Amino acid sequence: MERYFKRRFASTTSSSDNVGSSSSRDVDISRDVDSSKESELQDILANLIADPGLRPQMLDYDPNIRDEVRRAYLQKGPCQPKDHTFPQTDLSGYDRRFNVKWFDEFDWLEYSISKDAAFCLYCYLFKSNFRIGQGCSDAFTEMGFRNWKKKDKIRQHVGPVGSFHNQSRQYCVDLMNQKQHIRTALIKQSEQARIDYRICLTASLDCVRFLLRQGLPFRGHDESDTSSNKGNYLELLQFLADHDEKVKAVVLEHAPGNLKLIAPTIQKDLVNACATETIKKIIKDMDGAFFSLLVDESRDVSVKEQMAVVFRYVDKSGDVIERFVGIQHVRDTTSNSLKEAIDILFAREELSISMLRGQGYDGASNMKALVAVAKGNADIATFFTSCNSLVNIVGASCKRRDIVRDQLQKDVTEALEKDTFPTGRGLNQETCLKRPGDTRWNSHYGEANRSLQSFEFVFHLFFMRSILGATNDLSQALQRKDQNIENAMTLVKVCKDQLQHMRENAFEALLDQVSSFCAKHDILVPNMDDAYVAQWRSHRRAPIITHLYHYRVDIFIQIIEWQLAELNRRFSEVNTELLLCLTCLSPDDSFIAFDKQKLLRFAEFYPQDFNSRDLLALEDQLEIYITHMRTMTDFSQLKGIGSLARKMVEKGLHRTYNYVYLLLRLALTLPVATASVERAFSAMNIVKGPLRN
């Protein structure tokens with residue numbers, strides 16, 4: 001928090017002593033201009049490029065903001081991707097590459113992944129202060145240094161006292177030393193004023209952290225002094241003041257007029273500070289571990305296409321962690337745009353793409369697929385349109401809702417009297433109508449009790465209820481945060497088997513169920529041997545088919561085959577092989593699924609982590625590992641590879657069986673679905689309301 005405190009304190013000016021005689025209109029225009037410039041500056045500072053090979057030169061920035069840009073870069077520190085796999089370059093017949101140990105020896109040294117070159121942070125920031133010919137070299141500021149076999153050139157760059165590099169370094173020290181800054185000298189605040197400001201800032205940060213943690217909006221509709229509810233931020237700050245005399249003495253009405261820390265721009269500054277520190281904590285917790293990327297797109301109240309990113313990794317304790325790390329604005333959601341946005345994110349956070357081991361995009365599309373496929377059939381598409389109309393008609397009227405509830409209660413009571421309904425806690429509860437949204441399988445599952453007076457609608461209703469019921473467990477599992485691939489693959493197989501069994505054996509039972517329902521509700525049941533002609537087709541051009549053929553082949557079999565084809569496409573042969581191989585790590589039933597050859601095959605999918613020598617070592621280690629595991633009682637009752645990883649770390653066996661534990665980390669890192677990203681969007685839409693926007 002210290003550097004944010006210094007920055008805000010240093011930029012505070014005593015506006016109360018500088019009130020001019022301009023008209024209120026001129027003042028308003030001036031404030032608008034200043035606000036616009038401040039907004040532009042914040043956008044620039046928030047999107048500074050970390051990769052030194054991609055940065056614009058300091059001369060490209062407006063002279064009025066260069067110090068702010070320099071200070072922001074110094075706060076971030078030099079770009080040092082220590083976990084990056086540095087490529088080798090042929091230099092005079094020898095393969096050479098950047099040495100990561102140089103980061104420890106030269107604290108100013110930066111590395112550009114894009115250019116495979118080294119740069120100097122200090123010289124980049126202050127090269128513009130020197131005239132051409134004063135020893136300003138482009139090697140460490142523009143072109144980059146790549147002669148890896150000549151480390152002495154790096155030392156020569158530093159040079160003697162008074163060199164260009166050392167002068168630039170001193171400029172950096174002076175810039176960050178706020179006590180020497182001219183704005184600080186002009187303010188000359190007393191020590192008590194500094195203490196009061198820190199208390200005020202700390203209280204404001206406490207409010208911000210609480211609201212962010214709870215996912216609550218900051219602003220209120222009426223934040224005036226006479227308002228009874230000024231919004232969460234101001235009300236919470238007032239609550240802290242009412243319960244702490246020290247806070248009360250320095251906030252809100254007791255704070256200086258220009259130092260209340262309640263303006264929307266100040267709130268955004270504090271939120272950005274929290275975000276920066278949180279991301280740094282996440283990166284530190286990753287500690288160079290492999291990670292996967294979970295990406296989803298959505299629009300918020302600002303109506304901008306945005307991409308949210310979550311990192312998934314295994315921490316030092318063997319636990320799978322998913323952390324939301326930010327939102328990136330994108331022009332569209334094409335693959336090129338997403339890649340550019342991801343590159344910017346990696347460069348800004350100084351992450352190496354060489355540590356990326358998995359990617360998951362738009363988890364909702366997995367659930368959307370089966371419904372969208374079913375809608376490829378014109379009859380099913382019409383059915384869902386009818387469902388929408390029915391929900392709109394009933395849901396828009398309280399009286400119609402009451403009629404539905406009364407009828408449902410009557411049906412349930414009658415069924416209970418006849419002992420045809422299962423009873424128990426949580427069963428037969430009153431539910432509301434659900435709109436059949438496209439992005440969730442289970443959103444259609446609640447449509448099972450809707451009816452229209454036609455056999456065709458009833459057949460579609462019962463059939464889609466069966467289809468979506470068969471896939472509902474998989475849908476729910478893929479949306480759970482703690483779901484692992486091992487369980488997901490099991491559910492995929494179960495879902496496929498269930499659909500295949502339905503295709504081969506369930507049509508007659510479905511037809512009997514539909515006919516029974518229609519007879520009970522006086523709905524005409526057609527003769528299955530009569531000719532069928534769709535209402536939306538011409539009777540002359542329609543093919544002559546029976547009702548049985550239409551419902552069995554055109555609807556029942558076709559839709560199920562489409563569902564199976566979509567599941568097979570989503571889980572392709574290569575993906576399935578990879579995922580089935582990693583399920584051999586499962587400790588369930590005393591490691592009954594263990595298969596050494598499949599685990600070796602799994603390792604072959606990661607040549608960057610397992611070379612030929614590592615594969616031989618893994619083969620030997622697996623034999624000892626499985627014998628050891630099956631003799632230990634601590635491992636006999638484990639369920640899932642997540643619990644296995646935690647137990648290995650707990651017992652210290654992750655170091656003994658380092659190659660096996662590497663397989664576990666790679667398996668746990670792979671994403672199943674992007675449910676965590678969607679949860680982040682849900683919170684974002686609450687925090688960023690119309691007032692915040």
Side-chain angles (χ1 to χ4, degrees), residues 1-20 24 27-28 30-31 34-35 38 42 68 71 75 176-278 281 687 689 691-692:
M1 189 186 75
E2 182 67 24
R3 61 176 175 276
Y4 298 110
F5 163 73
K6 288 182 176 180
R7 179 177 174 185
R8 177 57 56 192
F9 183 80
S11 61
T12 304
T13 57
S14 181
S15 61
S16 60
D17 296 333
N18 295 286
V19 179
S24 60
V27 172
D28 290 340
S30 177
R31 286 176 178 173
D34 291 342
S35 176
E38 178 67 20
Q42 294 303 322
E68 292 292 337
R71 188 177 291 108
Q75 289 175 346
M176 298 304 290
N177 187 355
Q178 295 298 321
K179 292 182 179 180
Q180 296 183 6
H181 201 281
I182 185 171
R183 285 183 292 186
T184 304
L186 289 173
I187 296 172
K188 295 182 179 179
Q189 295 278 12
S190 66
E191 184 63 26
Q192 184 60 45
R194 294 177 63 85
I195 294 174
D196 291 346
Y197 176 75
R198 180 176 290 277
I199 295 174
C200 180
L201 178 61
T202 302
S204 300
L205 274 172
D206 287 341
C207 296
V208 169
R209 292 170 61 190
F210 177 83
L211 295 175
L212 290 176
R213 182 179 292 274
Q214 298 302 118
L216 297 174
F218 282 47
R219 302 295 301 281
H221 289 281
D222 183 2
E223 297 183 349
S224 64
D225 294 337
T226 58
S227 174
S228 59
N229 187 349
K230 301 175 184 177
N232 289 331
Y233 179 79
L234 293 179
E235 292 293 339
L236 184 57
L237 188 59
Q238 183 65 60
F239 178 84
L240 291 178
D242 293 341
H243 290 77
D244 191 324
E245 292 298 327
K246 291 184 178 180
V247 174
K248 185 176 183 179
V250 296
V251 301
L252 299 175
E253 66 271 11
H254 297 103
N258 65 324
L259 203 59
K260 293 180 180 291
L261 299 184
I262 59 175
T265 54
I266 300 297
Q267 295 179 34
K268 289 183 179 180
D269 283 348
L270 296 176
V271 169
N272 288 332
C274 291
T276 300
E277 293 302 312
T278 301
K281 179 67 175 178
V687 175
L691 293 174
R692 167 60 63 195

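All of these numbers come straight from a predicted model, not from anything done at the bench.
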Reported [atom1]-to-[atom2] distance for the pair [X] and [Y], which is rounded to 0.5 angstrom:
X	Y	atom1	atom2	answer
L237	L252	CG	CG	4.5 Å
Q75	T276	CD	OG1	9.0 Å
T202	R209	OG1	CZ	10.0 Å
L216	C207	CG	SG	12.0 Å

Got a sec, which pairs hit salt bridge (charged side-chain N to carboxylate O under 4.0 Å, His left out) with one end in residues 226-248, sequence neighbours left out?
none
State, with a plain yes or no, whether a side-chain heavy atom of L270 is found less than 4.5 Å away from one of L201.
yes
Within the 4.5 Å heavy-atom criterion, are I199 and V247 side-chain neighbours or not?
yes
Output yes when a side-chain donor or acceptor of T278 lies under 3.5 Å from a complementary backbone atom of C274, and no otherwise.
yes
Do you know which two heavy atoms are closest between [X] and [Y], and how far apart they sit?
X	Y	answer
H254	A249	CB-O, 3.4 Å
L240	A203	CD1-O, 3.7 Å
L261	Y233	O-OH, 2.9 Å

Contacts of F239 meeting ring-ring contact (aromatic ring centres under 6.0 Å, His included) (sequence neighbours excluded), chain-then-number -> H243
